[in-house]
Student: 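Below: one structure in structure tokens.
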Amino acid sequence: MSQADTLTRSVWPIRSLGLFRSELVTVLRRWRTLALLAVLAGVPVLIGIAVRIETGDGGSAGGGGGGGPAFVALITNNGLFLVFASLAATLPFFLPMAIGVVAGDAVAGEANAGTLRYLLVAPAGRTRLLVSKYASVLAFCLIGTLVVAVSALVTGALLFPLGDVTLLSGTTVPFSEGLLRALLVALVVAASLTGIAALGLFISTLTNSGIAAMATTVGLLITVQIVDTIPQLHAVQPYLFPHYWLSFADLVRDPVYWDEMRSNFQLQALYVAVFGSAAWARFTTRDILA
Amino acid sequence: MGEPSAQTGEHAISTSGLTKRYRGGQLAVDGLDLAVPRGSVFGFLGPNGSGKTTTIRMLMGLIAPTSGAARVLGEPMPRAVRSVLPRVGALIEGPALYGFLSGRDNLLRFDAADPTAEPRTRGTRVDTALERVGLAAAAGKKARAYSLGMKQRLGLAAALLRPRELLVLDEPTNGLDPQGMREIRSLVRELAADGTTVFLSSHLLDEIEQVCTHAAVMSRGRLITQGPVEALSSAGRLVVTTPDPAEAVRVLKERGVTGLAADGDRVTGELPQDPAALPELADFNAALVAAGVRVRGFGVERASLEDAFVALTGEGFDVAG
């Protein structure tokens, strides 16, 4: 191997980082992305204000209706619980919808605009481009989740008292540990979105219409969420990507209960493997006609 | 038919039997044997729908050929995409830009996509490219606000981000004003003078005639002819203007002029094919005058590339079915 070869090989990963950065910056500079992030930041504010108004007369908020963890009732005692409540509220729909939009648009949107052919003749390399795109969607999963968490933390701190945290299991831990657990929860939530990110990217490689890919991904999300609530279909439910999503609440127990979260991670890994390879197989052999 | 050459080393592009059949059975490119010499400015002609863009897409590895092979800069495509394409600048089927990014940011993004492009020189290379296509003043504007001509220039700038061995330009003057067209032509000449091979697809024959050294003509997916431009357009015809057409035809026929036709006071005919056997043109005139033909006009009209093109494709610029 010549010296030049060695050099090319050693700088290649760094330059791929450049493509990833370019991807992420491009995604974040779209108005659509900023609007999605604004919606995500708005949800905790809405929940916070609603709870504040509801409990303004000293009463307590209604005992956590719905299937999700009963975080809402705990917000009045500790603003930190707004982080958990907001993530529980956005995880079923708002967050995956935002991911579906960004992932669905990733390849199809560029094909639609024609920029895909110029990236490929640059040459970005099909595998390298797809990996960069998936990495940027994953980064967006994390960014979206953190936007919700930070907005919730700020709103919670402004509207409610902060202090030692009484976990769901009854144990009380210092605020710093509560904050750490909130960060962990955010990371787990972001990881829960990797499956739909891979699914959205795969759908994105199937079409030249960004809108179609986004709509299909979000439509699938809604369908799967509905199927997940029909008792008669319980046989398939453990294989649906949102099935274990709300298991992150187990992080707010002492001791932490890992079983469902492990199932969640395994399921997400399965979706990433299946739809990631499908996206790769499709994208690397596809005729780019747009 | 052009002769397919085995010596790929001296060809920037060579294809053999290159064929693309789309799903649905439409044969877009049919057994194409193209040979683009290195250092040439190669005009790729054909009516809309004749398979030019499909060919270019196959050459750039965007679509896979159904059968046949293509080599670009001596390496097989699409297998060698990674090592070939950094040396190729391309403008394919018009420019495509990120409307929400400035012109400069668009170029930065396309350059970041090339793993062999040096990030440290990216800024200066982008500025040089913008300068070269006359967009420096509008570099900070959002690409959405660009006119078609400006977008075309930005697309060209993307092709010129690095020194290239081969430039593939698909309809580069589309949407440009006459001034812009002139600029592109002089840019192409400048690049060719530096040794860059330029592969230029166009339906503007005038443009091809002005800048190209070689040309190929496609029609309905097939290559009709290829070769040096003069060879394509030099089938000159002798034209004599005279009030005595019948006499003129007789005299010229005796001198070996073929395909004679008289139309009013205009007599046209084909000069003998073999250039060595071609007598001095003035001798024709002298013979006519000696025979008492009153010659009012005498000369050779070179068929324009357009005439040659229409004669070859027989369909002018109608869209092929």
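Every chain is numbered from 1 and lettered A, B, ... according to where its sequence line falls, protein lines coming before strand lines. All values derive from a computational prediction rather than experimental measurement. Side chains included, hydrogens not; waters and symmetry mates left out as well; all remaining heavy atoms used.
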Student: Say you draw a straight line from CD of E93(B) to OH of Y118(A); how long is it, rounded to the nearest 0.5 Å?
Tutor: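 Between E93(B) CD and Y118(A) OH, I get 8.5 Å after rounding to 0.5 Å.
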Student: Heavy atoms only, distances under 4.5 angstrom: which of A122(A), P123(A), G125(A) has the most pairs with chain B? Name it, please.
Tutor: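 It is P123(A).
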Student: How about CZ on F94(A), more than 12 heavy atoms from neighbouring residues, nucleotides or ligands closer than 6.0 Å, or not?
Tutor: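 Incorrect, the count does not exceed 12.
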Student: Taking only Lys NZ, Arg NE, NH1 and NH2, and the carboxylate oxygens of Asp or Glu, determine whether D287(A) and R23(B) approach each other closer than 4.0 Å.
Tutor: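 R23(B) and D287(A): not salt-bridged.
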Student: For chain A, which candidate among L101(B), L62(B), L97(B) shows the most heavy-atom pairs at distances under 4.5 Å?
Tutor: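 Greatest number of close heavy-atom pairs with chain A: L62(B).
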Student: Which pair of heavy atoms, one from R126(A) and one from G61(B), lies closest together, and at what distance?
Tutor: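 Nearest pair, atom of R126(A) first, then G61(B): NH2-O, 3.2 Å.
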Student: For L34(A), does the CG atom sit with more than 12 other heavy atoms under 6.0 Å from it, leaving out its own atoms?
Tutor: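 Above 12, so yes.
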Student: Just checking R21(A): does its CZ atom have more than 12 heavy atoms from other residues, nucleotides or ligands closer to it than 6.0 angstrom?
Tutor: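 Result for CZ/R21(A): open.
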Student: Taking all atoms of both residues into account, what is the closest heavy-atom pair of R109(B) and L19(A), and its distance?
Tutor: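 Heavy-atom minimum between the residues: NH1-CD1, 4.4 Å.
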Student: What residue, out of V121(A), T285(A), V25(A), L120(A), has the most heavy-atom pairs lying under 4.5 Å from chain B?
Tutor: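 Top option by heavy-atom pairs under 4.5 Å: V121(A).
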Student: Using only atom types and a distance under 3.5 Å, with no angle test, would you say the side chain of R117(A) pairs donor to acceptor with the backbone of I92(B)?
Tutor: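 It does hold such a pair.
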Student: Can you name the nearest heavy-atom pair linking T26(A) to F100(B), along with the distance?
Tutor: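 It is O-CE1, 3.4 Å.
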Student: Let me know if A158(B) has heavy atoms under 4.5 Å from chain A in its side chain, its backbone, both or neither.
Tutor: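 For A158(B), neither part sits under 4.5 Å from chain A.
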Student: Considering only heavy atoms, which portion of L108(B) lies under 4.5 Å from any heavy atom of chain A: side chain, backbone, both, or neither?
Tutor: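 Neither part, no heavy atoms under 4.5 Å.
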Student: Do the non-hydrogen side-chain atoms of R29(A) and D105(B) ever get within less than 4.5 Å of each other?
Tutor: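 R29(A) reaches D105(B) side chain to side chain.
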Student: Identify the heavy atoms of L119(A) and A113(B) that sit nearest to each other, and give their distance.
Tutor: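 So the two residues come closest at CD2-CB, 3.8 Å.
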Student: Give, for atom OG1 of T53(B) and atom CG of L289(A), the distance between the pair rounded to the nearest 0.5 Å.
Tutor: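 It is 11.0 Å, given to the nearest 0.5 Å.
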Student: So which residues of residues 182-193 of chain A are in contact with chain B at a heavy-atom cut-off of under 4.5 Å?
Tutor: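 Within residues 182-193 of chain A, no residue comes under 4.5 Å of chain B, counting heavy atoms only.
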Student: So for E23(A), is it side chain, backbone, both, or neither that comes closer than 4.5 Å to the heavy atoms of chain B?
Tutor: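 Answer is both: backbone and side chain atoms of E23(A) are under 4.5 Å from chain B.
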